[in-house]
Amino acid sequence: MIKRTLLAAGLVAILPVIGWAGQKPTLMARPPRGAIVLFNGQDTSKWHQNGDSDAVKWDVTDGCLVVKPGTGDIITKQEFGDYRLHVEFWLPLMANESSQGRANSGVYNQGRYEIQVLDSYNNPTYKAGGCGSIYSQKDPDKNAIIPPENWNTYDITFRAPRFDASGKETEFPRITVVHNGIKIHDNVEIKVASTATGQPGEQPATGPIELQDHGALIKFRNIWIVPLKAK
Ligand code: MG
């Protein structure tokens, strides 16, 4: 009996440490061969502020890149075509806010196509606006939402749009998103040039990764990208 009680007490002590890790096979995944590490816990030199060449103004704290509200989005210096991207993010609880006012950010593919980052746990919002949505376009196929103040993973496979010799777009970009180990978009065509708040203008063949400042103290870590050969 005492043993069983001790075992139970031990589990209770351990569970908060494990958190939701069991659901997230790529949590803290090491960059594979061929990956470009975009943020390793310290170095922000692969990024600059969106709209100018200023060094990143966001904070680096305890190995995390933390949004500094009001400074604006950050984008990678390098541009990418087809790729596999791994991002981890942590959302603070903003209990007095609701809908898009809760912890909000975003991962923009090619600076244009936002995969929404939002605390959607017990927090309804409008269509194609919740966490994991292709913002303004499509809700996730499945619910991979976890409570705030836990680490999330996004594993994104992006296929750039294709163009003919005259520059006319012949194929839409396609995206597959795995959120916390659950596939939430499966090779989905994105039929717009940007998702509402992405970079404007004609679609390019390559573009940067962009992280959104939406006024909340979102933390990011372990960001890496594997450029893929166009097929
Ligand atoms: Mg957002």
Side-chain angles (χ1 to χ4, degrees), residues 38-39 47-51 56-59 64-76 80 85-156 158 173 175-180 182 184-185 188 190-201 203 207-223 225:
L38 297 176
F39 179 68
W47 303 78
H48 60 80
Q49 291 296 131
N50 184 32
V56 166
K57 292 172 182 162
W58 293 12
D59 292 317
C64 303
L65 183 55
V66 188
V67 176
K68 193 167 196 176
T71 59
D73 295 4
I74 62 170
I75 65 172
T76 55
F80 304 95
L85 172 69
H86 177 82
V87 179
E88 300 183 11
F89 59 94
W90 186 98
L91 305 167
L93 174 61
M94 299 168 69
N96 294 331
E97 305 286 341
S98 63
S99 187
Q100 301 286 305
R102 285 261 171 106
N104 185 335
S105 180
V107 177
Y108 289 90
N109 295 273
Q110 293 198 322
R112 292 172 170 269
Y113 314 108
E114 180 184 6
I115 300 303
Q116 171 71 308
V117 167
L118 182 73
D119 174 13
S120 286
Y121 187 75
N122 291 334
N123 178 38
T125 190
Y126 49 73
K127 188 170 162 47
C131 199
S133 61
I134 302 171
Y135 187 74
S136 75
Q137 299 299 306
K138 180 183 172 293
D139 281 317
D141 293 333
K142 291 184 182 162
N143 180 7
I145 305 299
I146 58 173
E149 304 187 340
N150 284 286
W151 282 98
N152 286 258
T153 54
Y154 274 164
D155 290 281
I156 297 172
F158 183 80
I175 198 160
T176 296
V177 181
V178 178
H179 180 195
N180 295 332
I182 297 170
I184 59 171
H185 302 289
V188 173
I190 306 175
K191 298 181 180 178
V192 290
S194 89
T195 54
T197 55
Q199 310 265 357
Q203 283 165 284
I209 305 302
E210 178 173 337
L211 301 177
Q212 186 185 52
D213 167 13
H214 200 284
L217 297 166
I218 314 291
K219 298 178 192 175
F220 291 94
R221 73 177 184 194
N222 193 23
I223 310 174
I225 190 166

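We count residues from 1, following the sequence as given. Indexing begins at 1, ligand by ligand and atom by atom, following the structure's order. Bear in mind that the values here come from a model prediction, so they are computed numbers and not experimental data.
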Provide the closest heavy-atom pair for E88 versus T153 in the form atom of the first, atom of the second, distance. CG-CG2, 4.1 Å
Note, the Mg ion (ligand 1) has protein N, O or S atoms under 2.8 Å numbering 5
Taken in chain and number order and not counting sequence neighbours, the residues that satisfy salt bridge (charged side-chain N to carboxylate O under 4.0 Å, His left out) with K57 are D54
Rounded to the nearest 0.5 Å, the CG atom of N152 sits from the CG atom of L91 at a distance of 5.5 Å
Please list, chain by chain and in numerical order, all residues satisfying ring-ring contact (aromatic ring centres under 6.0 Å, His included) with F158, sequence neighbours excluded. Y83, Y113
Sorted by chain and number, sequence neighbours left out, ring-ring contact (aromatic ring centres under 6.0 Å, His included) with Y154 holds for F89, H179
Distance check, rounded to the nearest 0.5 Å: N122 atom CG versus I145 atom CD1? 10.5 Å
